[in-house]
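Please read the structure below before turning to the comments.
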Amino acid sequence: MSHVYCPECGFQNPEAANYCSKCGALLVRDEGGADTTMTFTAEDPDVEAGVSLDEIGVKGPALVVRSGGGRVGETFHLEGERTTIGRSPDCGIFLDDVTVSRRHAVVSARDGRFFIEDQGSLNGTFLNRRRIESGELTDDDELQIGKYRLTFLAR
């Protein structure tokens, strides 16, 4: 049985899969041409972004898109007690992609600390490359929702 490797996370998927079963990224097939491609592994999160957080000049609390959806550098300031994240336009952070559930996750602020909670999403919510149901966010944490990678800034 042949396999297709995810260009985003490197996960080994069955040949018939169109999307990565681990991170939801579109799987690219090798058509056997003379063209070459470069893939980045999960260990190189800043390579695709091309922009350092210091260059953006963002002050937290905020989520900054590091890769995915052509929205690198886009910043979402976390204001209020709850910020919803999802594919629904009603969400505070609207991520328009099929790898994101309509109501994917919620970021809550409690006593000056921030927490992420998955809302039963199909592809899951990942905090520092681990699938979670809920977890506390700290400065420079990586959050993955569908094909989007975001960095949490508390500073």
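Bear in mind that the values here come from a model prediction, so they are computed numbers and not experimental data.
- Between Ser134 and Phe115, every side-chain heavy-atom pair lies at or beyond the 4.5 Å cut-off.
- Taking 4.0 Å as the cut-off between side-chain N and carboxylate O, Glu8 and Lys147 do not count as a salt-bridged pair.
- In the hydrophobic clustering of ILVMFWY residues, with side-chain heavy atoms under 4.5 Å counting as a link, Ile116 and Phe152 come out together.
- With a 4.5 Å cut-off on side-chain heavy atoms, Leu127 and Leu137 count as touching.
- Side-chain contact between Leu27 and Pro7: present, with at least one pair of heavy atoms (C-beta onward) separated by less than 4.5 Å.
- A donor-acceptor pair shorter than 3.5 Å cannot be found between the side chains of Arg103 and Gln119.
- The minimum heavy-atom distance linking Gln144 with Cys23 is given by the pair NE2-CB, 3.0 Å.
- At a threshold of 4.5 Å between non-hydrogen side-chain atoms, the residues Pro61 and His77 do not count as touching.
- In terms of heavy-atom proximity, Ser108 sits nearest to Arg82 at OG-CG, 4.1 Å.
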Run the side-chain hydrogen bond (donor to acceptor under 3.5 Å, both in side chains) test on Asn123 and Ser121 for me, step by step, so that the C-alpha distance in whole Å, both residues' side-chain angles and the decisive distance to 0.1 Å come before the verdict. CA-CA 6 Å; Asn123 291 320; Ser121 66; over 6 Å; no

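- In plain terms, the two heavy atoms of Thr151 and Arg66 that are nearest each other are OG1-CG, 2.9 Å.
- In terms of hydrophobic clustering, with Ile, Leu, Val, Met, Phe, Trp and Tyr side chains grouped at heavy-atom distances under 4.5 Å, Phe11 and Ile132 are assigned to different clusters.
- Salt bridge status for Glu136 with Arg113: present, with a side-chain N to carboxylate O gap under 4.0 Å.
- A single hydrophobic cluster is not seen to contain both Val106 and Val65; linkage of ILVMFWY side chains at heavy-atom distances under 4.5 Å, directly or through other members, places them apart.
- Under the 4.5 Å side-chain criterion, counting only non-hydrogen atoms from C-beta, Val64 is not in contact with Leu150.
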Can Thr125 and Arg131 be said to form a side chain to side chain contact (heavy atoms under 4.5 Å, CB included), step by step? CA-CA 6 Å; Thr125 300; Arg131 188 171 182 153; over 6 Å; no

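- Within a 6.0 Å sphere centred on CD of Glu133, other residues, nucleotides and ligands contribute 12 heavy atoms or fewer.
- Counting heavy atoms from C-beta outward, Pro14 and Val4 have side chains that stay 4.5 Å or more apart.
- Closest non-hydrogen pair, Tyr19 versus Asn13, comes out as O-OD1, 4.2 Å.
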Tell me, with the steps shown, if Leu63 and Ile85 meet side chain to side chain contact (heavy atoms under 4.5 Å, CB included). CA-CA 11 Å; Leu63 288 171; Ile85 303 170; 4.1 Å; yes

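- Minimum interatomic distance between Ala105 and Ile145 (heavy atoms only, all atoms of both residues): CB-CD1, 4.4 Å.
- Within the 4.5 Å cutoff, the side chain of Tyr148 has no heavy atoms near those of the Leu143 side chain.
- No cation-pi contact links Arg87 to Phe94, judged by a cut-off of 6.0 Å to the six-membered ring centre and 45° from its axis.
- A distance-only check finds no donor-acceptor pair linking the side chain of His104 to the backbone of Leu122 [under 3.5 Å].
- In this structure the side chain of Thr84 never reaches within 4.5 angstrom of the side chain of Ile93, judged on heavy atoms.
- Both Phe76 and Val100 sit in one connected hydrophobic cluster of ILVMFWY residues. Membership requires side-chain heavy atoms under 4.5 Å apart, directly or through other members.
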